[in-house]
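Accompanying notes for the structure given below.
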Amino acid sequence: MQKNLPYLAIAIVLLYALYNAKFHSVQKILPKININYSKHIKEHGHVSHTQEELARIQTPQYLKNYIIGVINHGSNQFNFPGGEMEGGFASAKDAPKIACYVMTFSGKKCKKSYPNDAAMFYSSICAGCHGDDGKGLNGSYPDLTQKKLLGIQKRENFLKSILKTP
Ligand code: HEC
C-alpha cells in the first residue's frame, strides 16, 4: 500500500486538474449559449421580445441606434418627393456622432457628448437634403426635428399590432 501512495497522489492531482479544466470549459461555453439564445429570440420576434422592444422604443439609446442604422443602411419606406435615402453617406465610424447631433434637433441627448465636428459632418453630408435646421426642406425630405421620427413611429405601431393579434 505504502508503495502505491505516490501513484495515488498523482492520480488525485490529475483527476482534480481534469475536473478543473472541464469546469472552466463549461464556464466558457455557457455565456456563449446565452448570447445565441437571445439572438435567436431577436431574430424570430418572440412576443416577450416585442414587449421588451416596446419598453425601450422611447429611449435615446434606441433612437440613436435607429439613426445609425439609417445612415449605414439607408431607408426606403416613406415615399418622400426626394425619393429614397441610400446608405453610406457617412462612414460607419462617423455615424454615431452624427446621430447624436441629429438627436439634438428634437431636444434629445446621447449619454456621452459628441465631438464638435459632428455638426460640420451633418451640414456637409446631410443638410443638402434634410436642411441645416433638420426640417427637411419643406416636406421634400423627412423632418428630423419631430418628437418621434417616422421610422420609430412605424416600428412602434407594428410592435403594438403584433401584441394585439392573438
Ligand atoms: C440625398 C438626400 C439625402 C441625404 C444626403 C441624407 N438623407 Fe436622410 N433621408 C433622405 C430621404 C429621402 C429619407 C426618407 C427615405 C424613406 O422613404 O425611407 C431619409 C430618411 C432619413 C431618416 C429617417 C427619418 C424618419 O423620420 O424616420 C434619418 C434619421 C435620416 N434620413 C438621417 C440622415 C442623416 C443623418 C444624413 C447624413 C449622414 C442623411 N440622412 C443624409 C434623404 C437624404
Side-chain angles (χ1 to χ4, degrees), residues 27-166:
Q27 268 191 333
K28 258 187 222 152
I29 291 166
L30 268 182
K32 269 192 205 148
I33 293 171
N34 282 343
I35 288 165
N36 288 344
Y37 182 60
S38 57
K39 196 172 156 228
H40 174 90
I41 292 176
K42 248 182 213 157
E43 278 166 3
H44 298 279
H46 196 273
V47 167
S48 64
H49 176 71
T50 306
Q51 278 162 334
E52 183 268 329
E53 187 177 342
L54 259 180
R56 60 190 170 81
I57 202 159
Q58 314 273 16
T59 62
Q61 187 58 50
Y62 191 98
L63 177 61
K64 181 181 176 187
N65 287 336
Y66 169 66
I67 300 172
I68 291 173
V70 172
I71 296 174
N72 290 336
H73 308 295
S75 179
N76 186 16
Q77 50 173 344
F78 305 119
N79 288 315
F80 274 85
E84 69 176 288
M85 175 174 156
E86 279 172 39
F89 278 119
S91 73
K93 189 177 119 296
D94 294 326
K97 67 180 173 191
I98 299 175
C100 290
Y101 178 71
V102 167
M103 284 163 67
T104 63
F105 288 145
S106 54
K108 299 178 191 83
K109 254 185 17 204
C110 285
K111 266 193 211 144
K112 274 196 232 154
S113 58
Y114 56 83
N116 285 336
D117 63 2
M120 188 269 291
F121 273 82
Y122 175 85
S123 57
S124 59
I125 305 173
C126 322
C129 293
H130 293 283
D132 257 320
D133 58 2
K135 287 193 176 150
L137 308 180
N138 294 318
S140 301
Y141 298 95
D143 177 357
L144 303 178
T145 71
Q146 292 181 98
K147 281 270 159 279
K148 220 181 253 178
L149 292 185
L150 297 172
I152 302 272
Q153 185 64 65
K154 189 172 172 185
R155 181 77 185 160
E156 190 175 8
N157 291 344
F158 169 71
L159 292 172
K160 282 181 177 163
S161 76
I162 294 181
L163 287 182
K164 266 187 217 136
T165 37

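Note that the structure is a prediction, hence the values are computed from the model and not measured. Indexing begins at 1, ligand by ligand and atom by atom, following the structure's order.
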Gap between atom CG of Leu63 and atom CZ of Arg56 - 0.5 Å precision: 12.5 Å
Contact check: Gly151 vs ligand 1, nitrogen or oxygen atoms, below 3.5 angstrom: yes
Atoms of ligand 1 close to Asn76 [distance to a heavy atom under 4.0 angstrom, numbered from 1]: 16 (C), 18 (O)
Closest non-hydrogen atom pair, His130 against Pro142: ND1-O, 3.1 Å
Flag if over 12 foreign heavy atoms under 6.0 Å of CG, Asn157: yes
N or O contact, Tyr66 vs ligand 1, cut-off under 3.5 Å: yes
Smallest separation among heavy atoms of Ser106 and Gln146, with atom names: CB-O, 3.4 Å
CA sep, side-chain torsions, deciding dist, call: Tyr114, Phe121, ring pair (Phe, Tyr, Trp, His ring centres under 6.0 Å): CA-CA 12 Å; Tyr114 56 83; Phe121 273 82; over 10 Å; no
Residue among Leu144, Leu149, Ile98 satisfying side-chain contact (heavy atoms from CB on, under 4.5 Å) with Ile67: Leu149
Protein residue, atom and distance nearest to atom 5 (C) of ligand 1, heavy-atom basis: Ile125 O, 3.4 Å
Rounded distance (nearest 0.5 Å) linking atom CD of Glu53 with atom CD of Glu156: 10.0 Å
Asp117 side chain near Lys97 side chain, heavy-atom distance below 4.5 Å: yes
Shortest protein contact, atom 17 (O) of ligand 1 (heavy atom only): Phe78 N, 2.8 Å
Distance filter under 2.8 Å, centred on atom 8 (Fe) of ligand 1 - protein N, O or S atoms that pass it: Met85 SD, His130 NE2
Reported NZ-to-CG distance for the pair Lys160 and Leu163, which is rounded to 0.5 angstrom: 9.5 Å
Geometric N/O contact Asp143 with ligand 1, under 3.5 angstrom: no
Glu84 neighbourhood, listing ligand 1 atoms whose heavy-atom distance to it stays under 4.0 Å: 12 (C)
Proximal candidate to atom 12 (C) of ligand 1 [heavy atom criterion; set Gly83, Gly69, Gly82]: Gly83
Atom 25 (C) of ligand 1: nearest protein contact (heavy atom, Å): Leu150 N, 3.5 Å
Lys64 and Pro96, any side-chain heavy atoms less than 4.5 Å apart: yes
N or O contact, Ile67 vs ligand 1, cut-off under 3.5 Å: no
Distance from atom 16 (C) of ligand 1 to nearest protein heavy atom, with residue and atom: Gln77 N, 3.3 Å
Geometric class of the Tyr122/Tyr101 ring pair [parallel <30°, tilted 30-60°, perpendicular >60°]: tilted
Numbered atoms of ligand 1 (with element) below 4.0 Å of Asn79, judged on heavy atoms: 17 (O)
